[in-house]
J.: 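The structure is given below, and queries will be raised subsequently.
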Amino acid sequence: MPSNDVRILAQAAVPTAAVGAIAAVVSGVVAGGKGAIGAAVATLVAILFMGLGLYVLQRTAKSFPQLFQMMGLMLYAAQLLLLVIFVAAFKNTTLFNPRAFAIVLVVATLTWIAAQTRAHMKAKILYVDPDASSKGDKPEKSGHSS
């Protein structure tokens with residue numbers, strides 16, 4: 001991944017992990033050990049899903065820039081659908097507190113989206129490649145001058 005992509009990933013993952021850590025402490029106090037485990041699992045799932053989505057989106061932007069907006073919309077819809085399926089699959093689990101899991105999953109996802117939005121707004125990413133115009137876009141002269 002280019003340095004801008006890694007920077008955006010870090011600027012989104014770090015606040016999400018911090019919010020997840022705070023949520024794990026709060027869930028541990030409110031719902032006990034299973035609440036803390038649910039919060040930790042939710043934070044990891046949010047970071048994994050959203051980080052993988054960011055990676056796929058950046059790869060798509062570089063390979064198929066004309067598909068970027070459509071891919072972004074489809075990717076966010078797919079991520080939300082997968083998160084709903086994940087919550088539904090673990091709603092009756094005894095491994096962790098499902099309510100703490102669901103609440104922290106939503107909070108971590110919203111934190112990621114806000115942090116990623118902020119990172120994109122602060123990034124100084126060129127939308128025109130300045131080297132492309134100097135690599136031979138000028139027409140060459142043919143045989144004779146007029």
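Numbers here are sequence positions counted from 1.
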J.: Ignoring hydrogens, what is the shortest heavy-atom contact between Pro15 and Ala10? Give both atom names and the distance.
T.: CD-O, 4.1 Å
J.: Could you tell me the separation between the CD atom of Gln69 and the OG1 atom of Thr60, rounded to the nearest 0.5 Å?
T.: 13.5 Å
J.: Can you give me every donor-acceptor pair (side chain of residues 77-84, partner residue at least two apart or in another chain, under 3.5 Å) with its distance?
T.:
unit_1 : atom_1 : unit_2 : atom_2 : d
Gln79  : NE2    : Phe49  : O      : 2.9

J.: For residues 26-35, which side-chain donor-acceptor pairs fall under 3.5 Å, sequence neighbours excluded?
T.:
unit_1 : atom_1 : unit_2 : atom_2 : d
Ser27  : OG     : Ala23  : O      : 2.8
Lys34  : NZ     : Thr94  : O      : 2.4

J.: Ile47, Val19: one ILVMFWY side-chain cluster at the under-4.5 Å cut-off?
T.: no
J.: Give me the atom names and distance for the closest heavy-atom approach of Thr43 to Thr16.
T.: CG2-O, 3.8 Å
J.: Transitively linked via ILVMFWY side-chain contacts under 4.5 Å: Leu105 with Leu44?
T.: no
J.: Distance from Gln58 atom CD to Ile8 atom CD1, nearest 0.5 Å?
T.: 6.0 Å
J.: Can you check side chain to side chain contact (heavy atoms under 4.5 Å, CB included) on Met50 and Tyr76, steps first, answer last?
T.: CA-CA 9 Å; Met50 300 305 280; Tyr76 281 125; 3.8 Å; yes
J.: Looking only at heavy atoms, which two atoms of Pro98 and Phe90 are closest? And how far apart?
T.: CB-O, 3.8 Å
J.: Using the rule given for side chain to side chain contact (heavy atoms under 4.5 Å, CB included), can you reason through Arg118 versus Met121, listing the C-alpha separation, both sets of side-chain angles and the distance that settles it, and then say yes or no?
T.: CA-CA 5 Å; Arg118 183 183 182 281; Met121 298 285 283; 5.7 Å; no
J.: Rounded to the nearest 0.5 Å, what separation is found between the OG1 atom of Thr111 and the CD atom of Gln116?
T.: 12.5 Å
J.: Are Leu95 and Ile37 co-members of a hydrophobic cluster defined by side-chain heavy atoms under 4.5 Å apart?
T.: yes
J.: Quick check on the hydrophobic clustering: are Val87 and Val45 connected, directly or via other members, by side-chain heavy-atom contacts under 4.5 Å?
T.: yes
J.: Considering all heavy atoms of both residues, which atom of Phe101 and which atom of Ala42 are nearest to each other, and what is their separation?
T.: O-CB, 3.3 Å
